[in-house]
Structures are given as structure tokens and as C-alpha cells.
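Contents: one structure, followed by commentary.
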Amino acid sequence: MLHLDPPDFGGRHPEARSLLMRSASLHIATALALCGTWSLTACAQTALGPVTGEVSFHTSSADLGVGYTWGHGVLTYGGRSYPFSVSGASAAAIGYSSGDSVGKVYNLQRIEDFPGTFWALSGEATVGRGVSGQLMENDNGVRIRLDYTRGGARIAASPSRLTIRMLKTPEPSADPHAGSAKTHSAAR
């Protein structure tokens with residue numbers, strides 16, 4: 001059995017050894033927390049059913065009590081790319097952050113069901129850079145599971161809503177495998 005001893009500083013620097021041990025404990029706790037978050041979103045994926053599309057977007061949020069979020073993105077569905085704008089609000093937040101999101105879309109049967117207001121319970125604690133996940137649903141039953149990276153300094157914990165508006169006619173997708181035949185036939 002391999003046994004590793006912590007570095008020996010010759011007994012001369014007990015503060016350094018203590019700091020090293022605290023730092024290692026913090027890294028382990030952070031890794032466990034992230035694994036738990038990602039495994040919960042993976043479990044949610046099986047309950048949501050098959051993926052029917054994908055989204056990617058960039059948003060910014062500015063808050064002082066009540067928050068406002070804005071941005072733009074692209075839905076890939078049925079072999080086409082659909083650009084959209086995003087705007088929304090949250091109830092209890094302070095700070096500013098911006099970042100990129102990627103996600104899977106579930107239960108999208110017609111493109112007309114995608115635009116609208118998506119609701120979620122969300123939380124964010126970003127200082128510098130951070131990663132997180134979120135599950136949102138609109139009134140048409142369309143669900144989006146997001147993974148996003150943020151930068152800035154923002155704290156938020158509240159119900160939030162994002163309104164998605166389509167911008168123009170769709171373009172053929174650059175990815176020839178985006179949207180299976182089943183997804184394409186559902187779009188008709």
C-alpha cells in the first residue's frame with residue numbers, strides 16, 4: 001500500500017503546513033460539490049426524455065436588489081439554426097456578471113413552442129470565474145438544461161425568468177449531424 005506523508009517543513013513552519021492542509025481540504029470540498037451538481041443535472045437529463053435541440057448563448061446580468069439579464073443566442077433544431085434574443089429578471093441579486101451558456105433542449109415538438117418565458121429557481125455566486133447549471137421550462141412544456149460559465153462579481157438566489165424572442169428566419173446548420181431525422185420530422 002502506498003502511503004504519502006504531508007511535506008515536512010522541519011518543524012520550522014507550522015503555519016505553512018496548516019495552510020497547505022486547509023488548501024487541499026478546500027480543493028477536495030469544491031471538487032465534491034461540483035461532482036454533485038453535475039450528477040444531479042445528469043440524472044435530470046434521463047427524466048427529461050430525448051434531446052430535441054441544442055442552444056448556446058451569451059448573457060450579461062446587472063443587479064442591485066432586482067436584477068436584469070440580456071443577451072443573444074442560437075437554437076439548433078431540425079438541422080437549422082434559429083437566432084434569438086434573451087431578456088429577463090431576477091428578484092434578489094447584487095452585482096454584475098456575463099458569460100456563455102450551452103444546453104440541451106427537451107420536449108420541443110414545433111419551433112413555435114420555443115419562444116416565450118422560461119422560469120427557473122436559480123442561484124449564482126460568482127467572484128472572478130464560475131461554472132453552474134440550470135433547468136428552465138416555458139409554458140409550452142419546453143425544457144432547457146444549461147451549463148454555463150460566468151465572470152464578474154454577482155450574488156443571486158431567487159426565482160428568475162428569461163424571455164426568448166426569435167430574431168429572423170432560420171439558417172441551415174453548419175453541423176450536418178445537428179437534428180436527427182426524428183427531430184427533423186417533428187419540426188414539420
Side-chain angles (χ1 to χ4, degrees), residues 37-38 40-41 44-45 47-126 129-175 178-179 183-184 186-188:
T37 300
W38 284 320
L40 285 175
T41 57
Q45 182 171 345
L48 296 173
V51 174
T52 55
E54 296 181 357
V55 292
S56 63
F57 52 90
H58 180 84
T59 57
S60 299
S61 299
D63 318 272
L64 189 54
V66 174
Y68 182 71
T69 299
W70 68 95
H72 59 277
V74 174
L75 164 68
T76 303
Y77 174 72
R80 297 191 178 270
S81 297
Y82 297 86
F84 61 86
S85 66
V86 176
S87 62
S90 59
I94 187 165
Y96 173 84
S97 68
S98 66
D100 297 307
S101 304
V102 293
K104 305 289 183 187
V105 178
Y106 303 87
N107 203 32
L108 179 58
Q109 303 303 316
R110 305 174 309 141
I111 192 64
E112 295 83 7
D113 292 338
F114 186 71
T117 300
F118 284 80
W119 294 92
L121 290 175
S122 62
E124 179 183 344
T126 301
R129 300 250 345 119
V131 296
S132 189
Q134 184 175 51
L135 183 61
M136 308 184 305
E137 183 174 3
N138 73 6
D139 291 336
N140 296 319
V142 177
R143 296 179 191 104
I144 301 175
R145 184 184 60 85
L146 287 176
D147 296 314
Y148 54 90
T149 57
R150 308 285 292 175
R154 180 176 186 247
I155 296 174
S158 66
S160 60
R161 65 175 175 79
L162 285 179
T163 300
I164 292 178
R165 290 183 180 86
M166 306 311 277
L167 293 178
K168 60 180 181 176
T169 58
E171 301 170 2
S173 176
D175 181 2
T183 302
H184 184 68
R188 293 179 193 191

Got a second to check how far [X]'s [atom1] is from [Y]'s [atom2], nearest 0.5 Å?
{"X": "Y68", "Y": "D63", "atom1": "OH", "atom2": "CG", "result": "12.0 Å"}
{"X": "L108", "Y": "R143", "atom1": "CG", "atom2": "CZ", "result": "12.0 Å"}
{"X": "E54", "Y": "R145", "atom1": "CD", "atom2": "CZ", "result": "10.5 Å"}

Might you point out which heavy atoms bring [X] and [Y] nearest each other, and give the distance in Å?
{"X": "N107", "Y": "T52", "value": "N-OG1, 3.6 Å"}
{"X": "Y82", "Y": "M166", "value": "CB-CE, 3.3 Å"}
{"X": "Q134", "Y": "A120", "value": "NE2-CB, 3.6 Å"}
{"X": "S81", "Y": "V74", "value": "CB-CG1, 3.8 Å"}

Do V51 and Y106 have side chains that approach each other closer than 4.5 Å (heavy atoms only, starting at C-beta)?
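Of all side-chain heavy-atom pairs linking Y106 with V51, at least one is under 4.5 Å.
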Residue set satisfying ring pair (Phe, Tyr, Trp, His ring centres under 6.0 Å) with F57, at least two apart, ordered chain then number -> F84
Next on the checklist: Suppose we screen for ring pair (Phe, Tyr, Trp, His ring centres under 6.0 Å). Which residues come up paired with W119, at least two apart in sequence or across chains?
Outcome noted: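 Here no residue qualifies.
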Non-neighbouring partners of [X] that pass side-chain hydrogen bond (donor to acceptor under 3.5 Å, both in side chains), sequence neighbours left out:
{"X": "S56", "answer": "none"}
{"X": "S101", "answer": "none"}
{"X": "H72", "answer": "none"}
{"X": "D113", "answer": "R110"}

Residue pairs meeting salt bridge (Lys or Arg N to Asp or Glu O under 4.0 Å), one or both in residues 83-101, sequence neighbours left out, come to none
Residue set satisfying side chain to side chain contact (heavy atoms under 4.5 Å, CB included) with I144, at least two apart, ordered chain then number -> V55, V105, F114, F118, M136, L146, I164
Item to complete: Mind checking side chain to side chain contact (heavy atoms under 4.5 Å, CB included) for S85 and listing every partner two or more places apart, or none if nothing turns up?
Response: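 S85: side chain to side chain contact (heavy atoms under 4.5 Å, CB included) contacts with R165, L167.
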- Task: Scan S90, S60, S160, S61 and name whichever one has a side chain to side chain donor-acceptor pair (under 3.5 Å) with T69.
- Result: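 Of the listed options, the one satisfying the test is S61.
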Tell me every residue that passes salt bridge (Lys or Arg N to Asp or Glu O under 4.0 Å) with R161, counting only those two or more places apart in sequence or in another chain.
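With neighbours one apart ignored, the set is empty.
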Within the distance-only criterion (no hydrogens, no angle test), does the side chain of N138 pair as donor or acceptor with the backbone N or O of N140 below 3.5 angstrom?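 Confirmed, N138 side chain pairs with N140 backbone.
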